[in-house]
Structures are given as C-alpha cells and as structure tokens.
Amino acid sequence: MAEDPEPRKRSKTILQAASDGSQKDVLIALRRRLASSIQSKDTPPRDLAALSRRLMEVMDQLEAIEAQSQKGDGVVEVPVDAPFDPEAI
C-alpha cells in the first residue's frame, strides 16, 4: 500500500484548540462537535434547533475568517460594541 503523500493533520479537540490554537482552530473544533451532536441518535429532538442554529453561526464565522484571509492581510477584525451613551436613550 502506498504512503499518503500528504499526511493528514490531526484534528484538535475543543479543549486543545482553546488552549493552544487560534480562533479558527476553536471554531473548526466546535463545528465538528456541533455536527456530531446533531447527527447523534442520542441527541434529544428538542435540542436540534438550537444546535443547528449555533452550527450555522459557527460556519458563518469561519466563512468570514476565510474571506478576510483571502483579502491578504490575514487579520480578522471583530466588531466591538460601541460604548454606552446614557444620553442616547
């Protein structure tokens, strides 16, 4: 049997990604975990909507990171909430 010319990168767990990975690594691990939970027969049907919604949010965040990295600078800017202005009420 021929050797794989490109060895597969071992997937990180969520804990590993959170402790020593990037935001993208965490999102990838979280996407895999959410998809696994959605696919599992042991997941209660009442949880599927919330898990599915969160999976879509994670996928959107990953897509945004990919789009940003293709722009060339590789820096992802996360929007920050504006400071609270009590006079705006």
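Throughout, residue positions are numbered sequentially from 1 according to the sequence presented. Everything numeric here is computed off the predicted structure, so don't read it as measured data.
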Is there a side-chain contact between Val26 and Lys12 in this structure, where contact means two heavy atoms from C-beta onward sitting under 4.5 Å apart?
no
Please answer whether the main-chain N or O of Arg32 pairs with a side-chain N or O of Ser36 as donor and acceptor at a distance below 3.5 Å.
no
Can you find a pair of side-chain heavy atoms, one from Ile28 and one from Lys24, that are under 4.5 Å apart?
yes
To check you understand the geometry: which heavy-atom pair defines the closest contact between Leu27 and Val58, and what is its length?
O-CG1, 3.4 Å
How long is the span from the CZ atom in Arg46 to the CG atom in Leu51, to the nearest 0.5 Å?
10.5 Å
Hey, are the side chains of Met59 and Glu63 touching, using non-hydrogen atoms and a 4.5 Å cut-off?
no
Would you say the side-chain atoms of Ser37 and Arg33 include a donor-acceptor pair closer than 3.5 Å?
yes
Ser22 and Asp25, any side-chain heavy atoms less than 4.5 Å apart:
yes
Rounded to the nearest 0.5 Å, how far apart are CD of Gln61 and CG of Leu30?
8.5 Å
Atom OG in Ser19, atom CD1 in Ile14: separation rounded to 0.5 Å?
12.0 Å
Does any N or O in the side chain of Gln16 come within less than 3.5 Å of the main-chain N or O of Thr13, such that one atom is a donor and the other an acceptor?
yes
